[in-house]
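These values consider heavy atoms only, across backbone and side chains, with no hydrogens, waters or symmetry-generated copies.
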Amino acid sequence: MYNETALRIRDLQRGDSGVFGARIKMQPALVDDQSFNLSVYESVPSPRTRSQLLASTVEWCNLTLQCQGAGKGAVNVTWKRDSLTWGTPGELGTDRHQLSPDGTTLRVALPPAAANVTYACTVSNPADHKVALFDLQTLCQGGGGQSAFSKSGYIVLTLILVAVSLGGAFWCWRINSGKAADP
């Protein structure tokens, strides 16, 4: 303000947003009217994140990344990978990335060789921002979500199937050998 004068307002709350006026009286009888637009924002809480591995093969890793802001007030969600940044659908220009209409969900399809990247989701308002990271290499290797099934899971499933098959074969052999012994 004039003559490096400052106006300090403390203990602001969301309801304090609005247009404020100030009348500055300077000597000798000089008056200056100023108006100020005050916007009060809350801190942005950490985003809620979720990832889901849709399919992972030798050729492709398909997954969904989800990032949502919580709390009161409107927040912006933007995604970034390396030097690429996007926040609205249609900015990506590639079929390897699909952004949901609300910008909170990003679907990614990459070859495993290109999956050594980290995606960052930023939830922000004009006063604050928080970032969540998604390591695609980790997610594509089976740590990504509810539909992921690890190699050890396949091994256990195979062992169970072998045990059931052997048990069924033994049961059939006992039934058949019992019938052969009866005259």
Side-chain angles (χ1 to χ4, degrees), residues 7-20 35-158 160-161:
L7 174 64
R8 184 175 303 217
I9 305 172
R10 294 190 177 137
D11 299 323
L12 290 171
Q13 299 180 15
R14 277 187 58 87
D16 294 335
S17 295
V19 178
F20 288 84
S35 34
F36 302 92
N37 187 12
L38 175 68
S39 297
V40 180
Y41 298 94
E42 291 185 6
S43 294
V44 175
S46 295
R48 293 184 314 240
T49 62
R50 193 175 129 213
S51 61
Q52 184 175 14
L53 181 64
L54 303 173
S56 183
T57 66
V58 177
E59 294 84 23
W60 288 100
C61 176
N62 295 320
L63 48 93
T64 300
L65 309 175
Q66 193 171 48
C67 181
Q68 294 179 326
K72 298 177 183 175
V75 294
N76 296 322
V77 178
T78 55
W79 293 88
K80 183 174 184 175
R81 183 197 82 209
D82 302 328
S83 62
L84 301 175
T85 302
W86 55 89
T88 57
E91 287 183 6
L92 302 178
T94 175
D95 58 353
R96 291 185 178 187
H97 299 90
Q98 294 177 345
L99 190 60
S100 66
D102 65 357
T104 62
T105 303
L106 180 65
R107 188 166 182 181
V108 181
L110 294 173
N116 190 16
V117 294
T118 300
Y119 282 75
C121 161
T122 302
V123 176
S124 64
N125 66 20
D128 192 20
H129 73 280
K130 296 287 188 312
V131 178
L133 301 175
F134 295 89
D135 179 13
L136 261 60
Q137 190 166 27
T138 302
L139 297 174
C140 287
Q141 291 175 350
Q146 302 159 338
S147 63
F149 199 65
S150 65
K151 288 182 183 179
S152 61
Y154 286 115
I155 292 170
V156 170
L157 181 61
T158 303
I160 291 171
L161 290 174

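Residues P111 and W60 meet the side-chain proximity criterion, which asks for heavy atoms closer than 4.5 Å. Side-chain contact check for V40 versus Q13: every heavy-atom pair is 4.5 Å or farther apart.
A distance of 11.5 Å separates CZ in R81 from CG in L65, rounded to the nearest 0.5 Å. Rounded to the nearest 0.5 Å, atoms CG (L53) and SG (C61) are 5.5 Å apart. T105 contributes atom OG1, which lies 6.5 Å from atom CD of Q68 (distance to the nearest 0.5 angstrom). Interatomic distance, OG1 of T64 versus CG of L139, reported as 11.0 Å (0.5 Å rounding). The distance from atom CZ of R48 to atom SG of C121, rounded to the nearest 0.5 Å, is 11.5 Å. Rounding to the nearest 0.5 Å gives a distance of 9.0 Å between CG of D135 and SG of C140.
When the side-chain hydrogen bond (donor to acceptor under 3.5 Å, both in side chains) test is applied to N62, no partner is found at least two apart in sequence or on another chain. Among residues two or more places apart in sequence or in another chain, the side-chain hydrogen bond (donor to acceptor under 3.5 Å, both in side chains) test is passed with D128 by K130. In this structure T104 satisfies the side-chain hydrogen bond (donor to acceptor under 3.5 Å, both in side chains) test together with D102, sequence neighbours excluded.
Pairing each heavy atom of A132 with each of P47, the nearest pair is CB-CG, 3.8 Å. A pairwise comparison of heavy atoms in R50 and F134 identifies O-CE2, 3.8 Å as the closest pair. For V123 against G69, the heavy-atom pair with the smallest separation is CG1-CA, 3.7 Å. Contact detail for G103 and W79: the closest heavy-atom pair is O-NE1, 2.9 Å. Closest approach of Y119 to H97, counting heavy atoms only: OH-NE2, 2.5 Å.
No option in V77, V44, T78, V75 other than T78 meets the side-chain contact (heavy atoms from CB on, under 4.5 Å) test with T122.
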Checking I9 against D16 for the side chain to side chain contact (heavy atoms under 4.5 Å, CB included) test, could you report, in this order, the C-alpha distance in whole Å, the side-chain angles of both residues, the deciding distance, and whether it holds? CA-CA 10 Å; I9 305 172; D16 294 335; over 6 Å; no

